[in-house]
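Okay, so here's the structure we're looking at.
Note that these values count all heavy atoms, side chains included, but never hydrogens, waters or copies made by symmetry. In the text below, chain A, chain B and the rest are named by the order of the sequence lines, each starting its count at 1.
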Protein chains: 2
Amino acid sequence: MDFLTFVERNGRRIALPAGEHVFRQGDEDRSVYVLEQGLLKAYYLSGDGRETIKSFILEGELIGSLASAWRKETCSFSVVTLEPSSVLAFDFDALHSACRRDIDLAGAMIEHLLAFSMKKERRERELLTESAEHRYRALIAASPELFERVRQKDIARYLGITPVALSRIRQRSDARAVGEGD
Amino acid sequence: MDFLTFVERNGRRIALPAGEHVFRQGDEDRSVYVLEQGLLKAYYLSGDGRETIKSFILEGELIGSLASAWRKETCSFSVVTLEPSSVLAFDFDALHSACRRDIDLAGAMIEHLLAFSMKKERRERELLTESAEHRYRALIAASPELFERVRQKDIARYLGITPVALSRIRQRSDARAVGEGD
DNA sequence: GCTGCGCATTAACCCGGGTTAACGCCAATG
DNA sequence: CATTGGCGTTAACCCGGGTTAATGCGCAGC
């Protein structure tokens with residue numbers, strides 16, 4: 001069976017207005033979600049209330065907390081809609097056990113997980129080896145659409161810096177760009 | 001088929017002295033390696049020659065560059081032995097296609113990838129939300145053995161800071177620990 | 001149309017980490 | 001035994017980002 005076929009057969013469609021949570025850090029949520037329409041943000045909340053953004057989820061992408069859905073612990077992060085959104089929710093265990101019966105589905109699962117792993121590795125490398133300014137410019141190059149749909153403070157929290165720091169980086173970058181006529 | 005069975009049947013055993021590379025950033029290496037004995041370090045080399053450490057690989061763990069083995073690009077990082085080591089090398093494509101024929105193997109692959117994904121997510125969270133000092137203390141708590149086997153400069157590069165900065169953190173931590181009688 | 005709120009900008013000040021360099025230690029090598 | 005080189009420590013200086021606060025803007029709600 002195809003991956004999308006599985007999701008369409010087993011998923012419950014959920015519509016959410018902007019600013020609504022899909023799940024919250026600490027919840028026990030065994031579901032995984034496919035985003036059909038809209039835009040989500042996945043973020044961590046530190047003990048002192050500081051927010052840092054793990055990722056933005058675009059149409060067609062998958063989201064769910066492995067810690068909760070797979071390991072049966074609690075969600076390690078929260079997911080909230082930034083725009084009115086529609087998700088398909090399905091049970092992780094249903095997918096997991098279907099993979100034990102259906103080798104095509106297992107193959108699709110492996111491809112998804114390989115792609116996911118590479119994405120996480122790339123982000124790990126960026127955080128480990130590149131400066132905030134470098135990451136900012138790389139993000140503009142890689143996902144310019146994002147800047148149309150996401151507040152600057154969320155971009156900053158995604159880059160791992162404060163909105164104030166991002167504003168300064170933009171100031172520096174823009175000055176340089178003007179200076180270079182670029 | 002079991003995962004280890006697959007590796008034992010298809011793997012070539014390779015013995016390496018300390019300081020030897022398993023593969024280098026930029027290589028086209030389609031293999032994946034299981035570490036039998038020894039200790040490996042996976043690291044990135046930036047354009048200017050700066051080294052940052054992606055991970056340490058302990059006995060029983062898996063290592064390989066998804067970019068090269070799966071995506072057929074070049075390795076995004078290098079792997080070198082820190083101690084005399086023995087690895088089992090096997091072809092990623094052989095595993096990948098065996099997963100299409102053998103549903104048990106596919107299941108094992110899925111478990112491995114889920115665990116790997118969670119590990120990468122945890123590291124991403126640490127880099128994004130925690131200070132270098134916090135990460136240092138967490139590492140002591142989580143992997144005290146590592147400090148017996150790895151030079152302090154490599155610990156520093158793993159934490160994403162310079163050896164000098166780590167020395168300062170230790171100085172601060174130790175002073176605090178003595179002050180607290182802890 | 002007014003009010004209030006959240007956001008982006010800017011400035012001032014602080015602090016942690018980078019850089020460079022000096023020093024001492026130890027292990028490997030001759 | 002003397003030399004060499006890598007490592008960890010410490011100090012001095014610089015810089016990027018955090019924090020706080022003031023300002024101005026745009027938008028939602030009344």
Inset, instruction - State the CD-NZ distance between A:Glu124 and A:Lys120, to the nearest 0.5 angstrom. - result: 10.5 Å
Inset, instruction - Please tell me which of the listed nucleotides, C:dG17, D:dG17, C:dT9, lies nearest to the side chain of A:Arg170? - result: C:dT9
Legend entry - A:Glu133 CD - D:dC15 P separation (whole Å): 15 Å
Inset, instruction - Report the distance from atom CG of A:Leu127 to atom P of C:dG17, rounded to the nearest whole Å. - result: 16 Å
Inset, instruction - Please state whether the phosphate of D:dG17, meaning OP1 or OP2, lies under 4.0 angstrom from any side-chain nitrogen or oxygen of A:Arg172. - result: yes
Legend entry - Heavy-atom donor-acceptor pair, A:Arg168 side-chain to D:dG18 base, under 3.5 Å: yes
Legend entry - Value in whole Å for how far the P atom of D:dG8 lies from CG of B:Leu159: 13 Å
Inset, instruction - Measure from the side chain of A:Val164, starting at C-beta and using heavy atoms only, and say which of D:dT10, D:dG18, D:dT19 lies closest. - result: D:dT19
Inset, instruction - Determine: side-chain N/O of B:Gln152 to OP1/OP2 of D:dC7, distance under 4.0 Å, yes or no. - result: no
Inset, instruction - Check whether any side-chain N or O of B:Gln171 sits under 4.0 Å from OP1 or OP2 of D:dT9, and answer yes or no. - result: no
Legend entry - Lys/Arg N to Asp/Glu carboxylate O, B:Lys119 vs B:Glu61, below 4.0 Å: yes
Inset, instruction - Using a 4.5 Å cut-off on heavy atoms from C-beta on, say whether the side chain of B:Phe3 contacts that of B:Glu8. - result: no
Legend entry - Interatomic distance where CZ belongs to A:Arg50 and C1' belongs to D:dG17 [whole Å]: 12 Å
Inset, instruction - Verify the contact: side-chain N or O of A:Thr162 to OP1 or OP2 of D:dG17, cut-off strictly under 4.0 Å; return yes or no. - result: no
Legend entry - A:Glu51 CD - D:dG18 P separation (whole Å): 14 Å
Legend entry - Side chain proximity check, B:Leu35 to B:Ile63, heavy atoms < 4.5 angstrom: no
Inset, instruction - Grab the CG-C1' distance between B:Asp48 and C:dT19 for me, whole Å please. - result: 13 Å
Legend entry - Connected hydrophobic set around A:Ile169, excluding itself, where side chains approach under 4.5 Å: A:Leu39, A:Tyr43, A:Leu45, A:Ile53, A:Phe56, A:Leu58, A:Val80, A:Leu82, A:Tyr136, A:Leu139, A:Ile140, A:Leu146, A:Phe147, A:Val150, A:Ile155, A:Tyr158, A:Leu159, A:Ile161, A:Leu166
Inset, instruction - Look at all strands and tell whether A:Arg151 reaches a base, only sugar-phosphate, or nothing, counting heavy atoms closer than 4.0 Å. - result: sugar-phosphate
Inset, instruction - Name the residue closer to the 5' end of DNA chain D, choosing between B:Lys153 and A:Leu166 according to the nucleotide with the nearest heavy atom. - result: B:Lys153
Legend entry - Spacing between B:Ile169 atom CD1 and D:dT10 atom P, to the nearest angstrom: 14 Å
Inset, instruction - Grab the CD1-C1' distance between B:Ile161 and D:dG16 for me, whole Å please. - result: 16 Å
